[in-house]
Protein chains: 2
Amino acid sequence: MSRKPGRPTTHLDDVSKAIIEQLQQDGRRSYAAIGKVVGLSEAAVRQRVQRLTESGVIQVVAVTDPLQLGFARQAMVGIKATGPLEPLADTLAEMPEVDYVVITAGSYDLLVEAVCESDEHLLELLSTRIRTIPGVVATETFMYLELRKQTYSWGVR
Amino acid sequence: MSRKPGRPTTHLDDVSKAIIEQLQQDGRRSYAAIGKVVGLSEAAVRQRVQRLTESGVIQVVAVTDPLQLGFARQAMVGIKATGPLEPLADTLAEMPEVDYVVITAGSYDLLVEAVCESDEHLLELLSTRIRTIPGVVATETFMYLELRKQTYSWGVR
DNA sequence: AGTGAAACGACCGTAGA
DNA sequence: TCTACGGTCGTTTCACT
């Protein structure tokens, strides 16, 4: 779940980028179908996808739409804290409503995205589970009014 | 790219949740293999996945790791603005470095996540392309020090 | 919504350039 | 790192429940 620093940078050629674009449109597209588009044999596509996956450059996964599942209240919570940040980040990461935790430089030490069913649910999370963590000094909540863009593939194109 | 309000809430039974969990671990896992785990025939799994996908509850896609691709500087940018927020959000969404745009209630009107190659790249984006948009009054940047958790499936488990 | 069966197509390992 | 190929397994369709 946590991303380690110091990973080597992988260079992608145009063919790999094209393959990733195909998988970005449909993660279950067959290797043969991708091969036809990018001009490679099925086996070659398969090997490249395997290498890209094993090296951690890509991941083919299911993503869900919170709204469709009845999670109507999303918010970004900025947190100011004292003491070491990593254990705090890990505590937050363990909460099922929390889907995003990042340690930041700026007026917050941590940014946390939470997905909740209702205002009451969000309030409960914030008041009784986040703000009570030792080391949490202050929080500021940004309620989501509308999510306008969400992309899962960066650096391709 | 934008998510409209007022979508109906889909109810998931335990079997569909189990299927989504499987696809969350590996989006290319075969329907037959998933069927063995969840106790359903291959055809039944395929139908459920098709329904879940067509109704927008899930999406099987490739996600990329920015760090591996040489995008070492990520930041969340809080934006205060005047005037209507939707066109502003759309302008920001069109920028290739911007992978996340949300309209919020709170001390920022918008939150934007940007993925950049370097500090210079981020500075250029911020100074010459974001802060020059008419209606942008102020920005605050939270540089990412470490991304600790990133989940793509909400509401399942 | 689900199963089962048969035809078809995809996937995987291996060999060779 | 690619193509070629054969065996195996997954997918698709359809009739049935």
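All figures in this text were calculated on a predicted structure; none of them were measured in a lab. Within every chain, numbering begins at 1; the chains are lettered A, B, ... in the order of the sequence lines, protein sequences first and strands thereafter.
Between B:F142 and A:Y108, the two ring planes are parallel [angle under 30°; tilted spans 30° to 60°]. Using bins of under 30°, 30° to 60° and over 60° for the plane-to-plane angle, the ring pair B:Y152/A:Y152 lands in the perpendicular bin.
The two atoms that bring A:V156 and A:K17 nearest to each other are CG1-O, 3.7 Å, heavy atoms only. Minimum heavy-atom separation, A:L67 to A:A72: CD2-CA, 3.9 Å.
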Indicate every side-chain donor-acceptor pair of residues 80-87 of chain A with a distance under 3.5 Å to a residue at least two apart or in another chain.
none

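The side-chain heavy atoms of B:L145 and A:T104, taken from C-beta on, include no pair separated by under 4.5 Å. A heavy-atom distance below 4.5 Å is found between the side chains of A:M143 and A:R73.
Protein chain A contacts DNA chain C over a range whose 5' and 3' limits, counting nucleotides with an atom under 4.0 angstrom from a non-hydrogen atom, are C:dA10 to C:dG13.
Under the side-chain hydrogen bond (donor to acceptor under 3.5 Å, both in side chains) criterion, A:T132 pairs with no residue at all, not counting sequence neighbours. Scored by the salt bridge (charged side-chain N to carboxylate O under 4.0 Å, His left out) test, A:R129 finds A:E97, A:E124 as partners (sequence neighbours excluded).
The side chain of A:R28 contributes no N or O atom lying less than 4.0 Å from OP1 or OP2 of D:dG10.
Contacts of residues 29-49 of chain A with DNA chain C (heavy atom under 4.0 Å): A:S30, A:Y31, A:A32, A:E42, A:R46.
The rotation axes computed at either terminus of the helix from C:dA1-D:dT17 to C:dA17-D:dT1 lie 40° apart, taking five pairs at each end and rounding to 10 degrees.
Across B:I19, B:T53, B:V38, a single residue satisfies side-chain contact (heavy atoms from CB on, under 4.5 Å) together with B:R48, and that is B:I19.
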